[in-house]
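Have a look at the structure below before the remarks.
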Amino acid sequence: MTLPPPGKLLLAAAVLLGAALAQAAQPADHPHLLAAPSLRPVAHGPLAVHLPAGNSTKPPVTRKNQRTGTPTANWNLQAGGKVLYLTFDDGPQRIYTPKVLAVLAKHRAKATFFVLGREAAAHPSLVETTRRAGHRIGNHTWDHPMLTKLPPARLREAISTGVKSSCFRPPFRDTNAHVAAVAAQYHQRQILWDVDTKDWSKPGVASIERKLLRGARPGAIFLMHDGGGDRSQTVEALDRALPKLAAQGYTFRALPC
């Protein structure tokens, strides 16, 4: 039996060692659940999310929100494939929150509710019902002010008196770097959205449904409302759109708040 030259043996050993090290460095199966101290931005729709450093071989991309320049969050919402994130603001509301919850249960969908502190205080059982159903709760401040117009002490009060959560959404999408920094002081990540269904303007069921269908793409965050007025159009549009989106292969998850 003839052995290969020593140089070829060394080369083969180096290749095998390199393959073993690369395998050991692979990221976890669910990078959107990781909380790494070292982060870098990755593009996500019109906003930006962040992955742990080393989670991708692509060069960093920063595509920030055109109005505020703030990222939606620091996790990867695209990792789960064809997943959509439904979010509802301004509740809980005694009539429409239960109806939204019923539609979500009907279509086996999970969602995130950014509630107002004053409404949560008025309807604590609805908050608990929402949580028990497997949905997540986010902070939408106490009483829905324009945050960038507030003095520093009032800004801190508006955020700190909202519900306890690791997620925060500024009312009216009125935010800047200072608002995001104050939220971070309370250990809350600022969450914006990719698709505004404009259900708050009551444009009609067909219009809301159309925005849900046309805005669908893996990782997209949708803005809707279960509070702040008559949300019957939202309820009906949601009931019509969810089975169509599910037929396209989409699933509906709550944000990791």
Give a yes or no on whether [X] and [Y] share a hydrophobic cluster (residues Ile, Leu, Val, Met, Phe, Trp, Tyr; joining criterion: side-chain heavy atoms under 4.5 Å apart).
{"X": "L213", "Y": "V83", "value": "no"}
{"X": "V163", "Y": "L155", "value": "no"}
{"X": "L104", "Y": "F252", "value": "yes"}
{"X": "V103", "Y": "I208", "value": "yes"}

Quick check: closest heavy atoms across [X] and [Y], and the distance to 0.1 Å?
{"X": "L84", "Y": "R217", "answer": "CD2-O, 3.3 Å"}
{"X": "A241", "Y": "E209", "answer": "CB-CG, 4.0 Å"}
{"X": "L245", "Y": "L212", "answer": "CD2-O, 4.0 Å"}
{"X": "K99", "Y": "V235", "answer": "CB-CG2, 3.9 Å"}
{"X": "A158", "Y": "L150", "answer": "CB-CD1, 4.1 Å"}
{"X": "S166", "Y": "C257", "answer": "OG-C, 3.1 Å"}

Any chance you could measure [X], atom [atom1], to [Y], atom [atom2], to the nearest 0.5 Å?
{"X": "I159", "Y": "T141", "atom1": "CD1", "atom2": "OG1", "answer": "8.0 Å"}
{"X": "L223", "Y": "F88", "atom1": "CG", "atom2": "CZ", "answer": "9.5 Å"}
{"X": "D174", "Y": "T148", "atom1": "CG", "atom2": "OG1", "answer": "3.0 Å"}
{"X": "H225", "Y": "Y96", "atom1": "NE2", "atom2": "OH", "answer": "14.5 Å"}
{"X": "L192", "Y": "R169", "atom1": "CG", "atom2": "CZ", "answer": "7.0 Å"}
{"X": "H140", "Y": "H144", "atom1": "NE2", "atom2": "NE2", "answer": "3.5 Å"}

_Applying the side chain to side chain contact (heavy atoms under 4.5 Å, CB included) criterion to L238, which one of L86, T197, V205 satisfies it?_
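Of L86, T197, V205, side chain to side chain contact (heavy atoms under 4.5 Å, CB included) with L238 is met by L86 alone.
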
Is [X] reaching over with its side chain to a backbone N or O of [Y], donor-acceptor style, under 3.5 angstrom?
{"X": "K82", "Y": "A246", "answer": "no"}
{"X": "Q190", "Y": "F168", "answer": "no"}
{"X": "N139", "Y": "K164", "answer": "no"}
{"X": "R189", "Y": "C167", "answer": "no"}
{"X": "T175", "Y": "P170", "answer": "no"}

Looking at side-chain heavy atoms only, is the closest gap between [X] and [Y] below 4.5 Å?
{"X": "Q188", "Y": "S165", "answer": "no"}
{"X": "T234", "Y": "D226", "answer": "no"}
{"X": "R136", "Y": "L255", "answer": "no"}
{"X": "Y250", "Y": "L242", "answer": "no"}

*Does CZ belonging to R154 count more than 12 external heavy atoms closer than 6.0 Å?*
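Counting other residues, nucleotides and ligands, CZ of R154 exceeds 12 neighbours.
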
Could you list the donor-acceptor pairs under 3.5 angstrom formed by side chains in residues 113-132, with sequence neighbours left out?
{"residue": "T129", "atom": "OG1", "partner": "S125", "partner atom": "O", "Å": "2.9"}
{"residue": "T130", "atom": "OG1", "partner": "L126", "partner atom": "O", "Å": "2.8"}

*Can W193 and R173 be said to form a side-chain contact (heavy atoms from CB on, under 4.5 Å), step by step?*
CA-CA 9 Å; W193 55 86; R173 203 176 183 133; 2.9 Å; yes

*Are R231 and D199 within salt-bridge range, i.e. N to O under 4.0 Å?*
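No, no charged N to carboxylate O under 4.0 Å.
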
